[in-house]
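No experiment lies behind these values; they were computed from the predicted model shown.
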Amino acid sequence: MPEVPDYQVKIKQVFAEVGKVVVGQQYMVGRLLIGLFTGGHILLEGVPGLAKTLTISTLSKVLHLHFQRVQFTPDLLPSDLVGTMIYNQNQSEFEVKKGPIFANLVLADEVNRSPAKVQSALLEAMQEKQVTIGETTYPLDLPFLVLATQNPVEQEGTYPLPEAQVDRFMMKVFVDYLKKTDELEVMRRMANMSFEGGVNPILTKEDIFGIRQQINQVQISETLEKYIIELVFATRKPAEYDLAEFQQYVQFGVSPRASIALHRAAKAVAYLDERDYVLPEDIKEVATDVLNHRILLTYEAEADGIRTQDLIEAILRKVPIS
């Protein structure tokens, strides 16, 4: 991996540039970069005011990529997202008016504020990297990434994401409150009304594809590949992994997309740590973000106060690396 140092320097510069505007959200920025470098969509969940939208828009400026922000609202239509056919009177024919989904980075802000018909308009784009308008299918410009945010506090006027939609997100990242020192810095910075927060572009498309190629070359042993499969199967049949107490609480375990996402994310974590091989800790580090939104618990679990986090922690403790 001869070119690693060049890219590693640029990646550090990305963190530094984003840090000029966003304070203390290194974890979130790291997860967004993992998604960018592995082609995985990211869902951010957190209460308002934690700089989710600001982080994504700032990151887009650090990248030489076409960025579009879509504010999801209850009256949004699928055509507002993907585009539609409009009649051109001069030409006397229909022509395609492409929507904001035709970008490299698409911010689906407060994605759970729109009904399922709008959310499902993202499905084809997220999975096949293409959009169908009328009878024609248009490929999207690569890299293509959907970065979505949702607010877990307000339930009125929101629509839970369908399971098929949630599963297409590589990771669901919970964004937490800042530390006191970070919040003090945010307050001082944002209270200054002349603060502009300009950032410099660092990474190009070519850099991103180059980094992807290098992540692809990161080595992962067969033992760790089998460990990923065991973790995934433990979410489906906990009783077989000495976790019988969770069996009644699991309605559905994770899908095969979780295996792929764990594999890719672990490689990306190793790469960002400047290693060309994966450690068990890399898998464990991303396990919660990759698995938490894919496990469907029963009503009994909610009644008994069992969270997906509890199951994931138990699985990571119980499942051995053979």
Side-chain angles (χ1 to χ4, degrees), residues 27-45 56 105-106 108 111 119 122-129 142-150 161-175 208-209 211-237 250 252-273 275 277-297 308-309 311-313 315-316 319 321:
Y27 181 83
M28 178 174 29
V29 175
R31 291 299 185 258
L32 291 172
L33 288 179
I34 287 174
L36 177 70
F37 297 152
T38 59
H41 311 289
I42 306 290
L43 177 62
L44 300 178
E45 183 172 293
I56 293 170
L105 287 181
V106 177
V111 69
Q119 295 171 7
L122 286 168
L123 293 177
E124 183 184 15
M126 290 173 74
Q127 188 64 36
E128 279 89 29
K129 307 290 191 291
L142 299 178
F144 172 74
L145 213 61
V146 172
L147 306 171
T149 70
Q150 66 177 15
L161 295 176
E163 293 307 316
Q165 171 82 33
V166 171
D167 196 34
R168 280 167 168 78
F169 285 102
M170 179 187 195
M171 291 190 279
K172 180 180 180 181
V173 181
F174 291 99
V175 184
I208 292 166
F209 288 125
I211 290 168
R212 279 189 187 179
Q213 212 158 7
Q214 292 187 348
I215 289 175
N216 218 24
Q217 292 165 3
V218 171
Q219 297 298 310
I220 179 166
S221 68
E222 189 178 343
T223 302
L224 290 183
E225 286 181 330
K226 288 179 178 176
Y227 176 58
I228 289 173
I229 298 300
E230 295 297 332
L231 292 177
V232 165
F233 270 71
T235 68
R236 300 170 189 169
K237 298 178 179 176
V250 177
F252 292 106
V254 301
S255 75
R257 284 197 186 101
S259 313
I260 300 164
L262 268 176
H263 197 279
R264 287 182 177 177
K267 281 185 169 185
V269 169
Y271 181 82
L272 290 175
D273 209 26
R275 279 181 282 107
Y277 57 91
V278 174
L279 295 172
E281 288 72 26
D282 299 329
I283 298 168
K284 291 176 180 178
E285 185 181 326
V286 292
T288 299
D289 292 335
V290 170
L291 302 177
N292 69 63
H293 56 301
R294 292 184 163 97
I295 298 171
L296 199 60
L297 299 181
T308 51
Q309 179 70 30
L311 174 59
I312 295 168
E313 286 173 1
I315 287 171
L316 291 174
V319 175
I321 301 173

> Could you give the distance from NZ (Lys284) to CG (Leu231), rounded to the nearest 0.5 Å?
Replying inline: 8.5 Å
>> Leu43 vs Val111, test: side chain to side chain contact (heavy atoms under 4.5 Å, CB included). Steps then yes/no.
In response: CA-CA 9 Å; Leu43 177 62; Val111 69; 4.2 Å; yes
>> With salt bridge (charged side-chain N to carboxylate O under 4.0 Å, His left out) as the rule and sequence neighbours excluded, what pairs involving residues 228-237 come up?
In response: none
> Just by distance, do the side chain of Arg264 and the backbone of Asn216 share a donor-acceptor pair under 3.5 Å?
Replying inline: no
> If we only count heavy atoms from C-beta on, is the Ser221 to Tyr277 side-chain gap below 4.5 Å?
Replying inline: no
> Are side-chain heavy atoms of Thr38 and Tyr271 found at a separation under 4.5 Å?
Replying inline: no
> Who pairs with Glu225 by side-chain hydrogen bond (donor to acceptor under 3.5 Å, both in side chains), at least two apart in sequence or on another chain?
Replying inline: His263
>> The test is side chain to side chain contact (heavy atoms under 4.5 Å, CB included); show your working for Leu224 and Ile228 and say whether it passes.
In response: CA-CA 6 Å; Leu224 290 183; Ile228 289 173; 5.8 Å; no
> Quick one: does Leu122's side chain get under 4.5 Å of Arg168's, heavy atoms only?
Replying inline: no
>> Nearest 0.5 Å, please: how far is CG in Leu145 from CD1 in Ile56?
In response: 9.5 Å
>> For Lys226, I'd like to know if atom NZ has over 12 heavy atoms of other residues, nucleotides or ligands within 6.0 Å.
In response: no
> So do the side chains of Lys172 and Val166 get within less than 4.5 Å of each other, counting heavy atoms only?
Replying inline: no
> Is there a donor-acceptor pair under 3.5 Å between the side chain of Asp289 and the backbone N or O of Val286?
Replying inline: no
>> Between Ile321 and Thr223, does the side chain to side chain contact (heavy atoms under 4.5 Å, CB included) criterion hold? Intermediate values first, please.
In response: CA-CA 7 Å; Ile321 301 173; Thr223 302; 3.7 Å; yes
> Does a side-chain heavy-atom distance below 4.5 Å link Arg294 with Thr235?
Replying inline: no
> What closest approach, in Å, do Val173 and Tyr27 show between heavy atoms, and which atom pair accounts for it?
Replying inline: CG1-CE2, 3.7 Å
> Taking atom OG of Ser255 and atom CD1 of Ile260, what is their separation to the nearest 0.5 Å?
Replying inline: 8.0 Å
>> Ignoring hydrogens and geometry beyond distance, is a side-chain donor-acceptor pair present between Gln217 and Gln213 at under 3.5 Å?
In response: no
> Taking all atoms of both residues into account, what is the closest heavy-atom pair of Leu161 and Gln150, and its distance?
Replying inline: CD1-OE1, 3.8 Å
> Closest approach of His41 and Val146, non-hydrogen atoms and distance?
Replying inline: ND1-N, 2.9 Å
> Between Val319 and Tyr227, what is the shortest heavy-atom contact and its length?
Replying inline: O-CE1, 3.6 Å
> What is the distance from atom CG of Asn292 to atom CZ of Phe174, rounded to the nearest 0.5 Å?
Replying inline: 4.5 Å
> For Phe144 and Val106, which heavy atoms make the closest approach, and how far apart are they?
Replying inline: CE1-CG2, 3.7 Å
>> Between Leu297 and Thr308, does the side chain to side chain contact (heavy atoms under 4.5 Å, CB included) criterion hold? Intermediate values first, please.
In response: CA-CA 7 Å; Leu297 299 181; Thr308 51; 3.7 Å; yes
> Does the side chain of Thr288 reach to within under 4.5 Å of the side chain of Gln309, using non-hydrogen atoms?
Replying inline: yes
>> How close do Ala287 and Leu262 get, counting heavy atoms only, and between which atoms?
In response: CA-CD2, 3.8 Å
>> So, taking the atom named CZ in Arg212 and the one named CG in Leu36, what distance separates them when rounded to the nearest 0.5 Å?
In response: 6.5 Å
> Does Glu285 come within less than 4.0 Å of Arg31, counting only side-chain N to carboxylate O?
Replying inline: yes
>> With a 4.5 Å cut-off on side-chain heavy atoms, are Val278 and Val218 touching?
In response: yes
>> To the nearest 0.5 Å, what is the distance between CZ on Phe169 and CD1 on Ile42?
In response: 9.0 Å
